[in-house]
Amino acid sequence: MLDVKFLRENLEEVEKRLKTRGGAVDLSGFRELDSRRRKLLTEAEALRARRNAVSEEVGRLKREKKDASHLVAEMQEEGAKLKALETEATGVDEELNKFLLEVPNVPHTSVPVGNDSTDNPVIREWGERPDFKFSPLEHTDVGEALGILDFERAGKISGARFSLLMGAGALLERALINFMLDLHTREHGYTEVLPPFMVKSAALQGTGQLPKFREDLFKVEGSDHFLIPTAEVPVTNIYYDEIIDEERLPISYAAYTPCFRSEAGSYGKDVKGLIRQHQFEKVELVKFSHPDSSYDQLERLTANAEEVLKRLGLAYRVVTLCTGDMGFASAKTYDLEVWLPGQGKYREISSCSNFEDFQARRANIRFRPKGGKPRFVHTLNGSGLAVGRTLVAILENYQQEDGSVVVPGALRPYMGGLEKIVKKS
RNA sequence: GGAGGGUUAGGCUAAUGGUAAGUCACCGGUCUUGAAAACCGGCGGGCUAACGCCCUUGGGGGUUCGAGUCCCUCACCCUCCGCCA
């Protein structure tokens with residue numbers, strides 16, 4: 001959510017910059033709503049001030065055993081006026097709030113202007129793409145041939161966009177989770193968190209998924225619970241409505257969770273394989289930062305996610321999302337894209353964002369500067385990494401001509417020393 | 001599921017229906033060579049150039065001239081019982 005005062009004072013500039021995100025941005029209603037709200041507030045406050053003064057006078061008269069009935073009668077009338085005014089003010093307030101909750105974050109000045117993913121500049125590349133002496137298969141073919149991936153049977157159980165990992169496939173997934181968590185907690189200074197996998201709507205509003213993106217979520221029937229679309233939601237909301245001691249910043253958390261997404265509107269996209277699922281596993285990195293250093297923290301967080309790919313020996317590139325491709329709540333986002341030889345493309349495997357105070361304002365997460373008033377923190381997060389897609393990358397990059405898959409060295413300690421996944425006879 | 005107790009500002013804690021008192025921590029100041037102590041001030045949010053004014057006692061609603069306090073409702077926490085991995 002944007003700061004009302006900031007919006008009031010910079011409306012034209014904000015509108016101009018939000019337009020670069022593409023889509024419909026209409027802030028024209030703001031001025032009217034804001035001034036109506038302020039006018040009603042002033043009127044109601046004046047009435048309340050009078051009521052408070054008169055009530056005090058009534059109390060004084062009663063204590064002195066004097067008659068106060070004329071004042072009481074007067075206030076009974078005034079009370080009705082005040083109530084009407086308050087009802088109207090509450091209405092306008094709700095309208096303004098509803099409006100503000102749907103306004104996206106303002107892109108940082110360093111974000112390139114562009115329309116879509118084709119305008120995202122590549123800022124660095126790492127690693128060698130493997131050179132195959134044969135035509136590399138997609139991960140679905142590799143996995144199904146090895147008997148470690150089963151989409152048919154997953155379909156019987158849960159329908160489309162679900163998967164079944166068997167044997168070495170399930171072990172590989174578990175190894176990746178443990179490897180990533182160990183790397184971030186032991187070497188990058190993150191504290192491990194295992195949060196709830198269901199959250200209430202207030203938490204989703206805090207991080208920005210609600211109210212605008214309800215259709216992307218799975219909701220539990222008959223209660224105010226949603227399945228988390230990412231660990232960002234429960235982990236960022238750990239400090240919902242809290243004031244954090246300044247000395248504790250930055251706070252860095254790493255969390256493994258499954259993620260659940262309805263993928264509404266993505267029909268026909270990535271229908272095959274593990275790339276786009278209703279349920280997938282992810283290790284997420286979340287930071288709470290002092291506003292002065294949040295962009296340094298974004299660089300560090302991104303580097304921490306990249307380290308996973310480096311240790312696994314997977315070629316990747318880093319792109320800066322242009323204004324038209326950024327998420328709703330983000331001020332700046334880097335995507336990590338891993339090379340998938342089976343598809344012959346780079347595919348997103350991590351998305352690292354600085355939300356500045358956009359989420360902190362919604363979730364009321366503040367810190368107290370030395371001797372000063374509480375200020376909003378900056379929140380950041382990034383995948384470190386999407387586990388399912390990492391498994392895809394391993395199957396495609398480490399596949400052998402005989403159909404086996406070599407286990408990257410970094411993962412072998414997590415797989416009982418297994419060096420190669422082969423078909424079980 | 002049943003019974004009882006609870007939720008007040010960063011923490012802790014008070015307030016016969018009369019307009020949120022105190023305390024600890026923290027910040028600033030006076031004093032001091034420096035520090036501590038002591039004393040003074042500040043320490044939830046909004047509006048205002050300022051003086052001030054308004055809001056804030058878990059959420060929502062009601063009664064009342066006036067609600068932390070009374071009533072209704074919801075949420076969460078604690079204790080006990082039942083069920084349960």
Side-chain angles (χ1 to χ4, degrees), chain A residues 1-9 30-101 194-206 210-211 219-226 234 237-249 251 288 290 357 360-377:
Chain A
M1 190 153 71
L2 301 180
D3 180 19
V4 177
K5 201 185 287 180
F6 177 78
L7 199 54
R8 192 181 296 144
E9 287 162 9
F30 174 77
R31 285 247 190 263
E32 202 245 325
L33 220 48
D34 183 48
S35 66
R36 256 174 75 205
R37 174 175 165 273
R38 296 225 279 173
K39 182 165 168 284
L40 287 169
L41 224 56
T42 312
E43 281 176 38
E45 282 188 6
L47 271 183
R48 269 192 223 110
R50 166 136 180 81
R51 186 194 63 188
N52 289 345
V54 171
S55 292
E56 199 153 2
E57 178 67 7
V58 169
R60 195 180 62 78
L61 288 173
K62 289 206 170 171
R63 268 195 305 279
E64 293 173 2
K65 308 272 188 241
K66 292 180 183 167
D67 178 48
S69 56
H70 61 291
L71 288 177
V72 170
E74 182 194 342
M75 277 300 105
Q76 279 172 340
E77 283 178 39
E78 293 278 317
K81 263 195 253 174
L82 178 60
K83 185 152 286 180
L85 211 54
E86 276 175 340
T87 305
E88 198 183 348
T90 305
V92 174
D93 215 45
E94 277 170 6
E95 213 177 319
L96 181 66
N97 200 43
K98 207 173 137 196
F99 169 84
L100 288 172
L101 283 172
L194 201 150
F197 300 161
M198 287 192 272
V199 292
K200 42 189 200 174
S201 53
L204 287 154
Q205 184 171 298
L210 288 180
K219 184 166 192 324
V220 176
E221 202 175 332
S223 82
D224 183 39
H225 288 117
F226 294 79
N237 282 289
I238 286 174
Y239 294 111
Y240 189 97
D241 244 344
E242 287 196 37
I243 297 178
I244 304 171
D245 289 336
E246 186 177 20
E247 311 83 68
R248 291 186 59 204
L249 300 176
I251 296 173
F288 301 84
H290 191 287
D357 63 8
R361 182 170 285 109
R362 288 171 163 248
N364 196 27
I365 304 171
R366 297 172 294 172
F367 72 99
R368 191 185 297 282
K370 214 163 172 53
K373 289 188 170 188
R375 291 177 61 192
F376 291 113
V377 300

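Throughout, a chain's letter reflects where its sequence line sits, starting with A, and its residues are numbered from 1.
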Nearest listed nucleotide, side chain of Ser55(A), among rG18(B), rC47(B), rG44(B): rG18(B)
Given the P atoms of rA15(B) and rG28(B), what is the spacing between them in whole Å? 34 Å
If each of Ile243(A) and Ala49(A) is mapped to the nucleotide of RNA chain B with the nearest heavy atom, which maps nearer the 5' terminus, i.e. the 5' end? Ile243(A)
Closest nucleotide of RNA chain B for Ala53(A) versus for Lys62(A): which of these residues is on the 5' side? Ala53(A)
For Leu71(A), report the nucleic acid contact type (base, sugar-phosphate, nothing); a contact means any heavy atom under 4.0 Å. nothing
Using whole Å, what does the distance between atom P of nucleotide rG44(B) and atom CZ of Arg366(A) come to? 10 Å
How many angstroms lie between atom OG of Ser35(A) and atom CZ of Arg8(A), to the nearest 0.5 angstrom? 9.5 Å
Under 4.0 Å, heavy atoms only, any strand: does Val58(A) hit a base, just the sugar-phosphate, or nothing? base
Distance check: side-chain N/O of Asn52(A) vs OP1/OP2 of rC55(B), anything under 4.0 Å? yes
Considering every strand shown, what is the Watson-Crick or G-U wobble mate of rG22(B) when both distances are under 3.5 Å? rC12(B)
For the residue pair Phe367(A) and His290(A), does the interplanar ring angle fall in the parallel (under 30°), tilted (30 to 60°) or perpendicular (over 60°) class? tilted
Just checking Arg60(A): base, sugar-phosphate only, or nothing, at a heavy-atom cut-off of under 4.0 Å? nothing
rC55(B) OP1/OP2 closer than 4.0 Å to side-chain N/O of Arg51(A): yes
Is rG66(B) paired to anything, Watson-Crick or G-U wobble with both distances less than 3.5 Å, and if yes, which nucleotide? none
Using atom C1' in both nucleotides, what's the gap between rA38(B) and rC70(B) to the nearest angstrom? 45 Å
Please work out if Lys39(A) contacts a base, only the sugar-phosphate, or nothing of the nucleic acid, heavy-atom cut-off 4.0 Å. nothing
Could you work out the separation of rC39(B) and rU56(B) based on their C1' atoms and round it to a whole Å? 31 Å
Considering only heavy side-chain atoms of Gln76(A), the closest of rG44(B), rG18(B), rC65(B) is rC65(B)
If I pick the P atom on rG61(B) and the same atom on rA50(B), what distance separates them, to the nearest angstrom? 32 Å
Taking rU16(B) as the reference, what is the distance to rC12(B) when you measure between their C1' atoms (whole Å, please)? 25 Å
Between the NE2 atom in His70(A) and the CG atom in Leu61(A), the distance rounded to the nearest 0.5 Å is 6.5 Å
Point-to-point distance, once rounded to the nearest 0.5 Å, from CG of Asn237(A) to CG of Asn364(A): 11.0 Å
Separation of rG45(B) atom P from Phe376(A) atom CZ, nearest Å, is 9 Å
Are there more than 12 heavy atoms of other residues, nucleotides or ligands under 6.0 Å from atom NZ of Lys98(A)? no
Let's see if you can work this out: which of rC53(B), rG66(B), rC55(B) has an atom nearest to the side-chain heavy atoms of Glu45(A)? rC53(B)
For rC39(B), the Watson-Crick or wobble partner whose two distances fall under 3.5 Å: rG29(B)
What's the closest nucleotide to the Arg8(A) side chain, out of rC47(B), rC55(B), rG18(B)? rC47(B)
Should Ile251(A) and Ile238(A) be marked as a side-chain contact (heavy atoms from CB on, under 4.5 Å) after you check the CA-CA gap, both sets of side-chain angles, and the distance that decides it? CA-CA 11 Å; Ile251(A) 296 173; Ile238(A) 286 174; over 6 Å; no
If the C1' atom of rU8(B) is compared with that of rC53(B), how far apart are they to the nearest Å? 23 Å
Among rU19(B), rU48(B), rC65(B), the one nearest Arg38(A) by side-chain distance: rU48(B)
Atom CD of Glu86(A) and atom P of rC54(B): how far apart are they, to the nearest Å? 13 Å
Within the supplied structure, the quantity of interest is the number of heavy atoms (other residues, nucleotides, ligands) at a distance under 6.0 Å from Glu64(A) CD; does it exceed 12? yes
Does rG58(B) have a Watson-Crick or wobble mate here (both distances under 3.5 Å), and if so which one? rC74(B)
Distance check needed: rC53(B) P versus Glu56(A) CD, whole Å only. 10 Å
Nearest of rG45(B), rG10(B), rU63(B) to any side-chain atom of Pro374(A)? rG45(B)
Less than 4.0 angstrom between a side-chain N/O of Lys83(A) and OP1 or OP2 of rU63(B), yes or no? yes
When all nucleic acid strands are considered with a 4.0 Å heavy-atom cut-off, which category describes Lys200(A): base, sugar-phosphate, or nothing? nothing
rA85(B) -> Watson-Crick or G-U wobble partner, both distances under 3.5 Å, gives none
P-based separation of rC71(B) from rU63(B) [nearest Å]: 15 Å
Between rC40(B) and rG4(B), how many Å separate the two P atoms, rounded to a whole number? 48 Å
